[in-house]
Amino acid sequence: MSNHTLHPQLVAVTQRIEARSAASRAAYMQQVVAANPVTPRSKLSCGNLAHAVAAAPNADKLKLVEWTAGNLGIVTAYNDMLSAHQPFVYYPDLIKAAVREVSGTAQVAGGVPAMCDGVTQGQEGMELSLFSRDVIAMSAAVALSHNVFDAAAFLGVCDKIVPGLVIAAASFGHLPCIFLPAGPMVSGLANDVKSKVRQQYAEGKVGRAELLQAEMQSYHGAGTCTFYGTANSNQMLMEFMGLQLPGSSFVNPGTSLREALTVAGAQRALAMTAKGQDYTPAANILTVNAFVNGIVGLNATGGSTNLLLHLVAMARAAGIVLCLEDFADLSAITPLIARVYPNGVADVNHFHAAGGLQFVIRELLAAGLLHEEVDTVAGKGLHHYTQEAVLAADGTVTWREGASTSHDTDVLRPVVQPFQPSGGLVRLLGNLGDSVIKVSAVKPDKHLIEAPAKVFHDQAAVKAAFEAGELEGDFVCVVRFQGPKANGMPELHGLTPVLGLLQDRGQHVALVTDGRMSGASGKVPAAIHVSPEAMDGGAIAKIRDGDLIRLDVDNGHLEVLTAGFAERAPVSVDLSANGSGCGRELFQVFRSHVSAAASGASALFTDTERA
């Protein structure tokens, strides 16, 4: 356990969030207390109960009817198209067998949708991606609403799935919960090599056959993609917030250790129930301290910008109000101590072998940059997460202290020798409103870009301009009407090869958008999540081609310098094409009710006050 004094700014930000959230958190905790965890089935009639156990094996049925032991509800995001979730096909039977060993029962409560942003990238389906987070939360709530479970096990890994499941866990905060991941696929083609082939394809130097070969060598088996995008940032977050077992994030699928961790997690979930020895409801884990720890982890590891949206929404579900100011102030004191692609050349398997999350958490705890005093699924105190999981001789999992020194200082460094002194996220303010930028992989000489604007209304238009040879000289690429109200805020990851290529040619380029970039965003400075968005008449809708824009990372400014800019009327465009096709017509209710990006871009919660 760390005896180090907490950093004063960590304390100040924590106290500020607590004060801002006092009323909403109190109301949330009243809701949690009102849902009595000791007798969750007390209102069930005999008919209700008979339906709940009708299909259960005879060995479980008596336990379920008499409720002599805990019953674990499994909420799964399994599908066999999504590589990260394909391993979950084996989990329900494994979990049921595991809990029977401790006299418990388990039932699959329900499934949630899980879409792959890698498949939908640049496609119409990507316009449903962000909204799928809220659908997942609602689907999980439906699964748990049967009120026959003593705890929940969530099977999910990727981009919107984990945040959606956390929102559901918060809504059922009286129940203990645990996240059981599947792990990353083994390493394939190096990510930097894949990136180079993508740029060569954009230049026309290689064809589709070569590009497809490189992509399939990169994404080649079961498990998460191995770069440090949103999926693997989610896994980091679940350990920093104490929602899954220590050392469980980056163990490959299909290994004995992966299976042992799943067994241990299922059994631990029952131990945390009101019937067990260590009642730990999800609400006790999802505290301000836990969310602050998550934000620190995001900055220290250079994680995905998507988590800026997701953390705000997850916290709101637990009655906690986060603002961009909190992310910026914590970033300022958090050293970047990990470099994983796209912020470096290593993948997550290399990162894990170099010391991984256990080394990072140990370093940050010792520096007073994390709250040790938290509840976790491993017990009280974040110090549990300095331990790594290993396979014992009998095939079970055990824990030992993780690395205290980095095994590769090109990938992991101590706090006293960071890759950069502050975290990977910077808040930008100016006459365009509020936005953020990830700078973990942006070189210092690219921190200041002052150049004329080239304005586009979708990423396809940018690519067309590139192919026509129109993207010459220095410029700021403005891609607007990409916010949540306009078209669901799709990721604009498809711009990365083009803009990266132009930057490599010596041009000074930057991106300004009210949309999202993937967790794979990298070396090109990109001011994203600009709010208010163009659809709301935000200032980004006033920009014209040729306007001089200044993006200043070091001073946190994003401004249009052209005289008379503020007095212009915002433009409007015909967005009717966004409203139908590929299921988009079913999501009009989300586009109509979604909150601003700075408030989590969610249709489940109203806009909250922003700093």
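Residue indices begin at 1 and follow the sequence shown. Below, all heavy atoms of this structure are taken into account, side chains as well, without hydrogens, waters or symmetry copies.
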> Can you check whether His383's main-chain N or O pairs, donor with acceptor, with Glu372's side chain at less than 3.5 Å?
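Checked: pair present.
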
> Please check if the number of heavy atoms outside His407 that lie under 6.0 Å from its NE2 is greater than 12.
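Enclosed.
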
> I'd like to know if the side chain of Gln235 reaches the main chain of Phe250, judged simply by a donor and an acceptor atom lying under 3.5 Å from each other, with no hydrogens or angles considered.
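Checking the backbone N and O of Phe250 against the side chain of Gln235, no donor-acceptor pair under 3.5 Å is found.
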
> Short question: side chain of Ser233, backbone of Gly303 - any donor-acceptor pair under 3.5 Å?
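Checked: no pair found.
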
> Could you report the tightest heavy-atom contact between Ala84 and Cys158, atom names first, then the distance?
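Heavy-atom minimum between the residues: CB-SG, 3.3 Å.
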
> Answer yes or no: is there a donor N or O on one side and an acceptor on the other, between the side chain of Glu401 and the main chain of Gln387, under 3.5 Å?
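Here the side-chain-to-backbone pair does not exist.
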
> Measuring only between side-chain heavy atoms, which start at C-beta, is Asp408 closer than 4.5 Å to His350?
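When only atoms from C-beta onward are counted, His350 and Asp408 do touch, with a gap below 4.5 Å.
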
> Are any of the side-chain heavy atoms of Leu286 and Leu243 separated by less than 4.5 Å?
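Side chain of Leu286 against side chain of Leu243, heavy atoms only: contact under 4.5 Å found.
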
> Taking C-beta and beyond as the side chain, do Ser129 and Arg516 meet within less than 4.5 Å on heavy atoms?
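Sidechains of Arg516 and Ser129: in contact.
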
> Within the side chain of Trp399, is there an N or O that forms a donor-acceptor pair under 3.5 Å with the backbone of Val390?
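Not at all, since once roles are kept as given, no pair shorter than 3.5 Å links the two residues.
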
> Can you name the side chain to side chain contact (heavy atoms under 4.5 Å, CB included) partners of Gln15, sequence neighbours left out?
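Gln15 satisfies side chain to side chain contact (heavy atoms under 4.5 Å, CB included) with Val11, Glu18 once adjacent residues are dropped.
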
> Could you check if a side-chain atom of Ile295 sits within less than 4.5 angstrom of a side-chain atom of Phe327, using non-hydrogen atoms only?
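The answer is yes, as the side chains (C-beta and beyond) meet within the 4.5 Å cut-off.
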
> List the atom of Gly356, the atom of Leu412, and the distance in Å for their closest heavy-atom pair.
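Scanning both residues completely, I find the closest heavy atoms to be N-CD1, 3.2 Å.
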
> Do Tyr279 and Thr273 have side chains that approach each other closer than 4.5 Å (heavy atoms only, starting at C-beta)?
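Tyr279 does not reach Thr273 side chain to side chain.
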
> Checking Leu604 now: which residues fulfil side chain to side chain contact (heavy atoms under 4.5 Å, CB included) with it, not counting sequence neighbours?
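Partners of Leu604 under the side chain to side chain contact (heavy atoms under 4.5 Å, CB included) test: Asp134, Ala137, Met138, Ile167, Ser602.
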
> Looking at Leu155, Val75, Thr76, which hits side-chain contact (heavy atoms from CB on, under 4.5 Å) with Val112?
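It is Val75; the other options fail the test.
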
> What is the minimum heavy-atom distance between Leu330 and Asn299, and which atoms define it?
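Nearest pair, atom of Leu330 first, then Asn299: C-ND2, 4.4 Å.
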
> Picking from Phe88, Phe179, Phe172, what satisfies ring-ring contact (aromatic ring centres under 6.0 Å, His included) with Phe154?
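Single ring-ring contact (aromatic ring centres under 6.0 Å, His included) partner of Phe154 among Phe88, Phe179, Phe172: Phe179.
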
> Look only at the side chain of Tyr91 and the backbone of Pro181, and say whether a donor-acceptor pair between them is shorter than 3.5 Å.
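Here the side-chain-to-backbone pair exists.
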
> With the threshold set at 4.0 Å, does a side-chain nitrogen-carboxylate oxygen contact exist between Arg20 and Asp326?
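A salt bridge is present here (some side-chain N lies under 4.0 Å from a carboxylate O).
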
> Do Asn252 and Asn349 have side-chain N/O donor and acceptor atoms under 3.5 Å apart?
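There is such a pair between these side chains.
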
> So, for Ile320 and Ser24, which heavy atoms are closest and what is the spacing to 0.1 Å?
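Between these two residues, the closest heavy atoms are N-OG, 4.5 Å.
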
> Whether the side chain of Arg133 engages the backbone of Ala601 through a donor-acceptor N/O pair (distance < 3.5 Å, no angle test) should be reported.
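Looks like yes, one N/O pair under 3.5 Å.
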
> Are any side-chain N or O atoms of Thr255 and backbone N or O atoms of Arg258, one a donor and one an acceptor, separated by less than 3.5 Å?
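Yes, the answer is positive, given that a donor and an acceptor are paired below the 3.5 Å cut-off.
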
> Are Asp117 and Lys160 ion-paired here, with the side-chain N under 4.0 Å from a carboxylate O?
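Lys160 and Asp117: salt-bridged.
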
> Where is the tightest heavy-atom contact between Val135 and Pro113, given as atom of each residue plus distance?
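It is CG1-CG, 4.0 Å.
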
> Does Thr226 reach the side chain of Tyr228, with side-chain heavy atoms less than 4.5 Å apart?
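Counting from C-beta outward, Thr226 and Tyr228 never come under 4.5 Å.
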
> If you measure only the distance, is there a donor-acceptor pair under 3.5 Å linking the side chains of Asn289 and Thr287?
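There is no such pair (donor and acceptor under 3.5 Å, judged by atom type) between the side chains of Asn289 and Thr287.
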
> Provide the closest heavy-atom pair for Pro253 versus Pro184 in the form atom of the first, atom of the second, distance.
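Heavy atoms of Pro253 and Pro184 come nearest at CD-O, 3.0 Å.
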
> Look only at the side chain of Thr280 and the backbone of Asp278, and say whether a donor-acceptor pair between them is shorter than 3.5 Å.
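Checked: pair present.
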
> A side-chain contact here means heavy atoms from C-beta on lying under 4.5 Å apart; do Ile285 and Val374 qualify?
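No; the side chains remain at least 4.5 Å from each other.
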
> Do Asp375 and Lys380 meet the salt-bridge criterion of a basic N to acidic O distance under 4.0 Å?
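Yes, this pair counts.
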
> So do the side chains of Val263 and Gln267 get within less than 4.5 Å of each other, counting heavy atoms only?
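Sidechains of Gln267 and Val263: in contact.
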
> Would you find a donor on one side and an acceptor on the other, under 3.5 Å apart, between the side chain of Glu239 and the backbone of Tyr385?
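No.
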
> Under a 4.0 Å N-O cut-off, is there an ion pair linking Lys96 with Asp60?
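No.
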
